[in-house]
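Here is the structure we will look at.
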Amino acid sequence: MSKFDYDIGVLGGGAGGLTVTAGSAQLGAKTILIEKSERLGGDCLHFGCVPSKTLIKSAHVYHMMRNAARYGLPTVELKPVDFSDIAKRIQTVINTIQEHDSKERFCSLGAQVEFGDAEFTDEHTVKIGGKEFTAKSWVISTGSAPSIPPIEGLDKTPFLTNKNIFSLDKLPKSMIVLGAGPIATEMSQAFARLGTKVMVVQRSGQILSKEDRDMADMVMEVLKGEGVEFYLNSATKMVRDLGSEREVIIEQGGKEKSLRAEAILVALGRQGNHGSLGLDAIGVENDRKGIKVDARLRSLKHKHIYAAGDATGEHLFTHAAGYEGGIVVSNAIFHLPRKANYTLLPWCTYTDPELASIGMNEKRAKEAGIEYKVYTEDFRGNDRSLAEEEHVGRIKLLLDAHEKPIGVQILGPQAGELLSEWVAALSGKVKPLTLVGAIHPYPTLGEINKKVLSNMISEKVYSDKIKKGLKFFFHLKGRASCQ
Ligand SMILES: Cc1cc2nc3c(=O)[nH]c(=O)nc-3n(C[C@H](O)[C@H](O)[C@H](O)COP(=O)(O)OP(=O)(O)OC[C@H]3O[C@@H](n4cnc5c(N)ncnc54)[C@H](O)[C@@H]3O)c2cc1C
């Protein structure tokens, strides 16, 4: 019999923590979940995926209404956006999903839920307020927060982050976005579509820097076409509050430039929320980004303390947090030595068009020294895409030296949905010939998945060698003359 109060204790009620809690409790482990805020659901539900995708949809509809003529429809006289209505809609969606992430639901699954700011007092004990809880295993799933760099003047200037941008009562007339990662890029397009003049400042020469340059540049061109201004290779030197406006001084090519806007959005990466957990005192290795873990997600010194989700500082996605939660349950409850494997971790940036990715892209393959071949197909060759007035986009398929698919990137309408076929195919090691031989419904965007494979296969099937063989065996007559 264990001397601890609980079999497992979970810190943080977001995607990672809730997965561990639900899994452990349903398996009969005595489980306690401790959440700092008043509600479960974490960043994804309250300040991340859910509000951002809800906002993106509102911006998309407004954009479609403004561009009605493109679809052969009468143009409409549009009223300006009242952001408080969008913020209300965002809250309604959050409230609906919140029911699924309620304390009552987790209690009904068999877990105890406590609210408070958790801190370790020793490697098996956590306190909140005056109460102490001991558990055989602990899981740190306390997520991440926006990283605020020490830019001169930023501490004296009001700015937006993902924590407050979804509850604005009014649409900013103009906004300077610091950073050009997925959050910055999604928000830039959404706000530009709603009517904000958006300026993006990016230190490097490319937006979405994890992605291949050609794909990221296509996204940037679409955003430029919608009025977003980009300042690449630009360092932010200083920020000033001018009262009704804010000023950002940037340095680009050795020259200083002043940008002014009503609002500033800081989207310059993330840092872990683990600072107040007392980890240093109990010897759990960590840095600003997150907690150091081994492949089984165990902290380096204490193998009974795990970390999952953004708390590790590595794969900052809800589905990664959920996957890692499952790995923790396997290790801590089933005692199976299961390791996390991110080779086929997919993700998607929800710009319009979306940019979705799984496995290797060219950048990652080069870094890993992997020999690869690329096949592409553009969306302008897809009938459904044209019917939907979607002209921008490309699928890129990477094959290794043995012609095995090792990665797919899709920039296009509903790319995140289209990627699912590749998630199944790559995870299930489906052969290209099987996938290309499968009948896809017409006309669908998904046909592009089959088309990129047939580009690769037709290179072989329609080769001179095959033609010669067929001519020899079956006496084919060769090309007809076209009159
Ligand atoms: C604007 C934005 C858009 C995003 N969009 C997407 C998307 O489209 N798709 C996607 O996959 N990911 C997206 N993400 C990322 C996603 O939100 C995170 O990867 C995900 O929330 C991580 O889950 P988590 O459980 O690790 O952390 P969280 O969901 O942040 O949960 C951590 C929980 O721990 C609690 N906590 C913190 N400190 C303590 C403490 N001391 N004691 C107790 N509890 C504590 C917090 O209150 C929180 O509830 C987005 C993020 C942002 C910011």
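Position 1 is the first residue of the sequence; numbering continues from there. Indexing begins at 1, ligand by ligand and atom by atom, following the structure's order.
The only option from K131, K36, K103 that meets the salt bridge (Lys or Arg N to Asp or Glu O under 4.0 Å) definition with E114 turns out to be K131. Screening I34, L40, L33 against F115 for a side-chain contact (heavy atoms from CB on, under 4.5 Å) leaves a single residue, L40.
Contacts with ligand 1 closer than 4.0 Å are made by heavy atoms of both the backbone and the side chain of A118. Proximity of D43 to ligand 1, defined as any heavy-atom pair under 4.0 Å, is shared by backbone and side chain alike. Contacts between H274 and ligand 1 below 4.0 angstrom, taking non-hydrogen atoms only, are absent altogether. Residue L277 touches ligand 1 through its side chain alone, judged by heavy-atom distances below 4.0 Å. If you look at T142 next to ligand 1, the close heavy atoms, those under 4.0 Å, come from the backbone and the side chain alike. With a 4.0 Å heavy-atom cut-off, ligand 1 is reached by the backbone of F47 but not by any atom from C-beta on.
Annotation: side chain of Y342 is in contact with side chain of H315 (closest heavy-atom distance under 4.5 Å).
A cation-pi arrangement is present between K30 and Y6 under the rule of less than 6.0 angstrom and at most 45 degrees off the ring axis.
Ranking the protein heavy atoms by distance from atom 12 (N) of ligand 1 puts T318 N, 3.4 Å first. For atom 34 (O) of ligand 1, the closest heavy atom belonging to the protein is G12 CA, 3.2 Å. Nearest to atom 27 (O) of ligand 1 among the protein's heavy atoms is G143 CA, 3.3 Å. Distance from atom 9 (N) of ligand 1 to its nearest protein heavy atom, with residue and atom name: C49 SG, 3.9 Å. With respect to atom 19 (O) of ligand 1, the closest heavy atom belonging to the protein is D310 OD1, 2.8 Å.
Below 30°, between 30° and 60°, or above 60°: for F191 and F83 the angle between ring planes is below 30°, a parallel geometry.
Near K36, with a cut-off below 4.0 Å to any heavy atom, the atoms of ligand 1 are 36 (N), 38 (N), 39 (C), 40 (C), 42 (N), 43 (C), 44 (N), 45 (C). Shown in contact with N162 at under 4.0 Å from a heavy atom are these atoms of ligand 1, numbered in order with element: 1 (C), 53 (C).
Using a 4.0 Å cutoff on heavy atoms, G116 counts as a contact of ligand 1. The closest approach between any non-hydrogen atom of H315 and ligand 1 is not below 4.0 Å.
Side-chain contact, N449 with E421: a donor N or O sits under 3.5 Å from an acceptor N or O. At a cut-off of 3.5 Å, with distance as the only test, a side-chain donor of D310 or S144 sits close to an acceptor on the other residue. Between E35 and S37, the side chains place a donor N or O and an acceptor N or O closer than 3.5 Å (distance only, hydrogens not considered).
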- Query: Should K53 and E186 be marked as a salt bridge (charged side-chain N to carboxylate O under 4.0 Å, His left out) after you check the CA-CA gap, both sets of side-chain angles, and the distance that decides it?
  - Reply: CA-CA 9 Å; K53 269 75 254 182; E186 288 179 5; 2.9 Å; yes

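Considering only non-hydrogen atoms, atom 51 (C) of ligand 1 lies nearest to G48 out of G275, G16, G48. Of the listed options E324, E35, E114, E35 places a heavy atom closest to atom 48 (C) of ligand 1. Remark: among candidates H46, R39, K53, E119, the nearest residue to atom 7 (C) of ligand 1 is K53, based on non-hydrogen atoms. Within the set S141, A320, A311, the minimum heavy-atom distance to atom 32 (C) of ligand 1 is found for S141.
Considering CG of N341 and OH of Y323, their distance stands at 5.5 Å, rounded to 0.5 Å.
The existence of a salt bridge linking K197 and E229 is confirmed by a sub-4.0 Å separation between a basic side-chain nitrogen and an acidic carboxylate oxygen.
Between F317 and H319, the gap from one ring centroid to the other is short of 6.0 Å.
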